[in-house]
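Take a look at the structure set out below.
Below, each value reflects all heavy atoms present in this structure, side chains not excepted, and no hydrogens, waters or symmetry copies. Predicted model, so just to flag it, every value in this text is computed and none were measured.
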2 protein chains.
Amino acid sequence: MIDLSSLASTRQITLRTVMRILLDRGAVSRAELSRMTGLSKQTMSEVFRELEDGGWVQLAGRTQGSVGRSAATYEVCADRALVFGADVGGTKIHAALADMHGIVLTELIEPTDLRGGEHVVGQLARMSGALADAIGLPAERILAGTVGIPGAYDPRSRQLFMVPNIEGLEGTPLVDRLEALVGFDVQVGNDVNMAAKGEQWLGEGKDVDNFVFIAVGTGIGMGIISERRVLRGARGAAGEISTLPIGSDPFDGRSLRAGALETAIGSAGIRGRYEGSGGETGLTVREIFDRIGRGDAIAIATLDEVARALAQAILAVSAVIDPERVVLGGSIGARPELLERVRHFLDRCMPNAPHCTISELGSKAGLYGTLATSLDALRESLFQTPGYDIPMPGAKPLEQIP
Amino acid sequence: MIDLSSLASTRQITLRTVMRILLDRGAVSRAELSRMTGLSKQTMSEVFRELEDGGWVQLAGRTQGSVGRSAATYEVCADRALVFGADVGGTKIHAALADMHGIVLTELIEPTDLRGGEHVVGQLARMSGALADAIGLPAERILAGTVGIPGAYDPRSRQLFMVPNIEGLEGTPLVDRLEALVGFDVQVGNDVNMAAKGEQWLGEGKDVDNFVFIAVGTGIGMGIISERRVLRGARGAAGEISTLPIGSDPFDGRSLRAGALETAIGSAGIRGRYEGSGGETGLTVREIFDRIGRGDAIAIATLDEVARALAQAILAVSAVIDPERVVLGGSIGARPELLERVRHFLDRCMPNAPHCTISELGSKAGLYGTLATSLDALRESLFQTPGYDIPMPGAKPLEQIP
DNA sequence: ACATTTGTTCGACGAATTGACTAATAGGCC
DNA sequence: GGCCTATTAGTCAATTCGTCGAACAAATGT
């Protein structure tokens with residue numbers, strides 16, 4: 001059941017701790033590490049012999065300048081373990097490999113195999129192999145992977161559901177099938193959650209523990225980072241804000257199907273609003289927004305309506321989960337004109353509005369999020385460091401407690 | 001910095017692991033534990049000698065029936081460590097002690113010291129002592145405590161803020177002051193969050209990982225349990241749904257101050273609505289609702305309006321965090337008539353509405369939540385192996401990785 | 001030359017294992 | 001009932017693994 005002997009051997013703990021520090025700090029000497037961990041110098045020497053034999057660390061150089069003998073510094077062989085990430089969209093698949101430091105080594109974009117289903121699974125497996133080839137490393141080095149999809153994944157049945165944009169993926173046991181093909185552990189995540197994770201790793205969420213990423217495009221969706229973790233909800237539907245009762249009557253039949261907020265400010269809603277107010281018919285959302293610069297009053301009014309609804313949505317989200325920051329993305333959400341108007345309305349309905357910004361990573365947020373998720377999994381399985389810091393709460397020995 | 005040697009001594013890990021299993025399983029024999037942990041039989045014997053000397057475990061009995069020598073079973077001395085919990089309200093303080101198994105040993109209710117501030121801190125300290133006296137155990141046995149307050153706590157400044165109902169608590173460094181008086185670790189939490197935690201422990205949230213507790217009374221507030229943890233948000237304001245843009249215009253000046261939802265269905269809102277529709281003036285909310293049974297049409301219409309707004313609020317909350325269940329509490333929220341109408345409206349604005357119920361613990365939810373929070377802290381400090389949790393999910397030795 | 005820091009060798013200790021050995025119990029057989 | 005046997009519980013002694021501390025050799029700036 002709980003097998004203490006095989007899992008938590010003291011040396012394993014030591015090895016993992018050393019690797020963790022080395023990953024966080026870069027090149028460090030053995031003497032320095034000995035001081036940091038409290039382990040003795042020659043335990044450190046033994047540990048480094050073991051790690052070097054395993055190919056986990058390598059000599060980095062020598063210290064210089066300070067008094068005393070110069071020390072040999074060691075660093076992690078960052079490409080000893082790789083992670084795979086892929087952002088699967090309706091038309092394209094973005095995939096990449098990163099090393100243990102999170103450096104993106106190579107990227108690849110392919111059109112999504114429109115036959116869908118099993119073909120996409122095979123395509124993902126092939127892409128992971130092609131990426132490893134591209135940097136001349138064996139594919140066996142890949143130890144974890146994550147796939148972002150426009151839909152949801154049910155961990156209980158291990159199947160995908162609600163994947164309208166990709167043929168034949170609904171009901172596929174994607175994780176099991178892909179793991180069988182590639183041989184490393186695979187996770188699946190919603191694409192908007194992945195984008196949020198990406199912003200947390202490299203973008204606007206870097207220094208923030210609680211924030212949301214709102215994608216406004218054809219539809220509207222949100223990824224939540226709460227206390228540094230992705231919030232999934234009971235059925236994996238957390239962040240599905242298209243159903244927020246804002247902008248149109250939630251008891252209306254149309255809202256019941258598509259969602260009130262989506263009805264109001266989704267692509268169809270925007271076009272309908274523009275045309276309904278006397279604007280030219282048959283324009284795309286992009287064309288409508290492009291007319292704002294040219295002073296089209298109806299376009300400006302439409303933008304205002306969208307911003308007003310979005311501000312109310314942010315107010316609602318803030319009331320529920322109190323984020324510190326809101327990052328806007330997606331083809332519509334990333335427009336500066338919109339951000340400006342959203343801020344305007346937010347100030348008029350909230351005393352302490354969260355800070356709003358535009359996505360820093362743009363269309364790459366999702367891809368980077370899958371890599372970040374894989375890295376977390378890798379670090380957890382290899383070094384047991386979920387998160388990025390090493391919190392050790394003041395645990396006193398049992399004997400010393402009164 | 002990271003002192004591995006002092007923290008994670010092997011024997012400490014073993015002791016903690018054994019204590020954890022003993023707490024989960026009740027009385028177990030040494031041989032059985034040896035099989036469960038993979039540790040050898042006489043390591044187990046040594047461990048139990050140590051734990052018995054420390055007063056942590058005691059002989060429970062002997063096994064019988066099966067073939068072979070009968071085994072001595074040991075159990076945790078549940079009252080070796082106690083936890084304190086207190087629910088501080090504007091008029092009363094409910095406090096209690098529980099043992100390590102979470103059995104509530106004794107409770108105490110006192111009127112809140114109306115002089116407020118420091119006097120309340122002193123009162124809490126005295127109550128913890130009185131509770132220990134009442135069960136004849138030394139107060140030093142209390143190793144953790146939690147205080148629930150109608151307000152918020154800023155962990156950074158270690159001070160309380162937004163505590164309108166209790167004089168002079170705003171700005172008090174409650175944790176530090178109380179810890180100095182009582183000598184055990186103290187946590188502070190919002191009362192609604194505590195009620196949610198209580199329902200998670202002993203009430204409607206027992207078997208659910210994601211749910212919310214909505215308190216509807218004088219004001220309206222919500223506690224969120226997400227992936228079994230209390231969600232706090234960036235400023236501790238997660239769940240403050242009084243500001244949800246529902247029921248009245250969020251851009252209206254009054255809503256900006258009190259919150260749109262609160263304006264619509266807070267006590268004042270309900271009375272205003274009832275009187276505005278031609279109902280008798282000067283009634284309390286309770287009196288208005290009591291008239292529903294007597295067929296007062298205006299009261300029924302008022303109830304409907306409240307239920308409709310609440311349903312929309314639940315819709316909004318579901319869109320953001322996707323709870324599996326909604327637990328209603330508070331003087332208004334706990335009324336069955338309201339629940340019935342809320343369910344009615346929910347079915348009309350959501351395809352997959354979360355299951356709604358009424359609080360199982362009523363006014364004791366908050367108190368039990370503080371005890372549950374203390375128990376979590378106790379278990380974490382005593383039995384969690386810092387950094388390295390023993391059941392490492394799929395942690396292979398570094399050497400075995402390709 | 002000297003203080004200072006790095007890294008190795010050697011003896012000792014704490015924690016856990018293994019195997020042999022003793023103790024207790026149920027069930028079968030007379 | 002009394003006795004034997006298979007089985008399980010618990011102890012004792014010898015050994016291994018990981019670590020620490022001290023002593024010592026090697027390297028480097030002042």
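- Taking atom CD of residue Glu32(B) and atom C1' of nucleotide dT7(D), one finds them 15 Å apart after rounding to whole Å.
- Remark: the backbone N or O of Val147(A) is not paired with any side-chain donor or acceptor of Thr370(A) at under 3.5 angstrom.
- In this structure, Thr14(A) does not reach the dG18(D) phosphate: none of its side-chain N or O atoms is under 4.0 Å from OP1 or OP2.
- Taking only side-chain nitrogens and oxygens, Ser45(B) comes nearer than 4.0 Å to OP1 or OP2 of dT11(D).
- If you measure from atom CD of Gln42(A) to atom P of dG11(C), you get 14 Å, rounded to the nearest angstrom.
- Residue Arg35(A) places at least one side-chain N or O closer than 4.0 Å to OP1 or OP2 of dT6(C).
- A pairwise comparison of heavy atoms in Glu227(B) and Val230(A) identifies OE2-O, 4.1 Å as the closest pair.
- Atom CG of Leu51(B) and atom C1' of dA15(C) are 15 Å apart (whole Å).
- Atom CZ of Arg11(B) is separated from atom P of dC13(C) by 17 Å (rounded to the nearest Å).
- Remark: the backbone N or O of Gly61(B) is paired with a side-chain donor or acceptor of Thr73(B) at under 3.5 angstrom.
- Using a distance-only test at 3.5 Å, with no hydrogens or angles considered, no donor-acceptor pair links the side chain of Thr146(A) to the main chain of Gly85(A).
- In this structure, the side-chain contact (heavy atoms from CB on, under 4.5 Å) partners of Asp99(B), at least two apart in sequence or on a different chain, are Ala78(B), Leu82(B), His101(B), Ile103(B), Leu105(B).
- Within the 4.0 Å cut-off from OP1 or OP2 of dA16(C), not a single side-chain nitrogen or oxygen of Thr43(B) is found.
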Could you walk me through whether Thr14(B) and Thr17(B) pass side chain to side chain donor-acceptor pair (under 3.5 Å), step by step? CA-CA 5 Å; Thr14(B) 310; Thr17(B) 306; over 6 Å; no
Between side-chain atoms of residues 26-34 of chain B and protein atoms elsewhere (two or more places apart, or another chain), which donor-acceptor pairs fall under 3.5 Å?
| from | atom 1 | to | atom 2 | distance (Å) |
| --- | --- | --- | --- | --- |
| Ser29(B) | OG | Glu32(B) | N | 3.1 |
| Glu32(B) | OE1 | Arg35(B) | NH2 | 2.9 |
| Ser34(B) | OG | Leu39(B) | O | 2.8 |

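- A donor-acceptor contact under 3.5 Å is not formed by the side chain of Glu46(B) with the base of dG14(C).
- Arg30(B) has its CZ atom 13 Å from the P atom of dA24(C), to the nearest Å.
- Side-chain atoms of Ala71(A) lie closest to dT6(C) of the nucleotides dT6(C), dA15(C), dG10(D).
- Across the protein-nucleic acid pair, Leu33(B) atom CG and dA16(C) atom P stand 14 Å apart, rounded to whole Å.
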Quick one, give me the B/S/- string for nucleotides 23-30 of chain D, reading 5' to 3', where B means a protein heavy atom under 4.0 Å from the base and S means that only happens at the primed atoms, P, OP1 or OP2. ---BBBS-
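- Atom pair Phe48(A):CZ and dT19(D):P shows a separation of 13 Å (rounding to whole Å applied).
- Residue Leu59(A) contributes atom CG, which lies 14 Å from atom C1' of dT6(C) at whole-angstrom precision.
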